[in-house]
Amino acid sequence: MDEKQVIVTGVRPTGDLHIANYLGAVMPLVKTLEANKEAEVFVFVADLHGLTDNDAQTISDYRLPVVKDYLALGLDKYLNSGKVHLFIQSQIGELISYLALFLSRYTTFNDLMRVPTLKEKLRVNQEAGQANALLGYYPVLMAADILIHNATIVPVGHDQLPHLEKTREFAEKFNNEFGKVFSLPQPHTTENLRILSLKGQGKMSKSHPEGALFMSDPEKTILQKIARAETAKEGEATPNLDSLLTIAAELGIGTEEFRKEHMAGKQVVGQFKKVLGETLVKFISNFQNKRSGISDREVLDVIMKGGAAARLSAEKTMERVKRAVRIDYLNN
Ligand code: TRP
């Protein structure tokens, strides 16, 4: 396959990053970049998507800090290649919106309401009396993010797969009507890490801060949270203990011995927590040090460059789209 690889992915700027975001999304993205050195890569902060169900102030608060997080977590290394572009979605907002308009011809209101990832969000927001039409439009906007760079690979979590299916459907229908304009993007899902709240309320999430390990937590808080984390009695396995073991393994701690001894009834959880706590402190404080060395000015430079590259790429696609749809009548 000698098709040029284009990787596109987005992250919503809706809260503080925690360790599960890092292990589940950022680390796999860095691995994908490492494995695809020749690819053109667009990584963006999906601020317009954030606005579907968050207020403008929240999005404004997190928009640039997320870029800094991603740089400090290892994306900085790839920027010099000239092939990896970090930008903010709204920098090319009008181009994405314009493409979304053409894609909208290939779906119906009813179909949009049936996209599984969205159904739950729509329900929750409707109950709160605030499901707006932009939320229903989420899949179209997301398809436009992806197709506007002619993406071939889209790294996403499992929950996003229905959106990718929708994206491929849009691309196929457009291509069928107008000839091959878009590549069909392949999702690259990461192995589903089950990282739970340290306090046993489902997945680790920013909405239960006491059970989440934030990348901004100070040393003392990290150690406290690990010390208080739910585990299991000797000889017993629980999802909470498994989750801690998963975090440990992802951070490079050998966990087999602990697991064996624990299952054999030995009292090793304390010792395990100590190793895990120390490793987390080291990892998170390294991140924090690196992050504090990145200036706001640098972040702006990165997104000015990234945004310009994204714009070039998006404009190129939009020229092809307009030609295909025959609305380039003034340029003939
Ligand atoms: N919907 C994604 C999420 O919630 C974010 C996103 C927006 C995205 N546009 C995208 C991801 C395009 C990949 C490609 O995580």
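All ligand and atom numbering here is 1-based and tracks the order in the structure. Worth saying up front: this structure is predicted, and the values here are computed from it rather than measured.
- Closest to atom 1 (N) of ligand 1, if we only count protein heavy atoms, is Tyr138 OH, 2.6 Å.
- For the 3.5 Å distance criterion, the side chains of Asp61 and Gln57 qualify, holding a donor opposite an acceptor.
- Nearest protein heavy-atom contact of atom 2 (C) of ligand 1 is Gln160 OE1, 3.2 Å.
- The existence of a salt bridge linking Lys173 and Glu177 is excluded, since no basic side-chain nitrogen approaches an acidic carboxylate oxygen closer than 4.0 Å.
- In summary, the atoms of ligand 1 found under 4.0 Å from a heavy atom of Asp145, numbered by their order in the structure, are 7 (C), 9 (N), 10 (C), 12 (C).
- In this structure Arg326 satisfies the salt bridge (charged side-chain N to carboxylate O under 4.0 Å, His left out) test with no other residue, sequence neighbours excluded.
- The existence of a salt bridge linking Lys166 and Glu169 is confirmed by a sub-4.0 Å separation between a basic side-chain nitrogen and an acidic carboxylate oxygen.
- Heavy atoms of Phe44 found under 4.0 angstrom from ligand 1 belong exclusively to the side chain.
- Here Val11 has no heavy atoms under 4.0 Å from ligand 1, in either its backbone or its side chain.
- Near His49, with a cut-off below 4.0 Å to any heavy atom, the atoms of ligand 1 are 7 (C), 9 (N).
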Using the side chain to side chain contact (heavy atoms under 4.5 Å, CB included) rule, take Phe174 and Val181 through it: C-alpha gap first, then chi angles, then the decisive distance, then the call. CA-CA 8 Å; Phe174 189 99; Val181 170; 3.7 Å; yes

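- Those atoms of ligand 1 with a heavy atom of Ala46 less than 4.0 angstrom away are 7 (C).
- A salt bridge is absent between Glu315 and Lys322: the closest approach of a Lys/Arg side-chain nitrogen to an acidic carboxylate oxygen does not fall below 4.0 angstrom.
- Within the 4.0 Å heavy-atom criterion, the part of Ile146 lying near ligand 1 is the side chain and not the backbone.
- Within ligand 1, counting atoms from 1 as listed, the ones closer than 4.0 Å to a heavy atom of Gly10 are 5 (C), 6 (C), 8 (C), 11 (C), 13 (C), 14 (C).
- Residues Leu245 and Leu241 are in side-chain contact: their nearest non-hydrogen atoms beyond the backbone lie under 4.5 Å apart.
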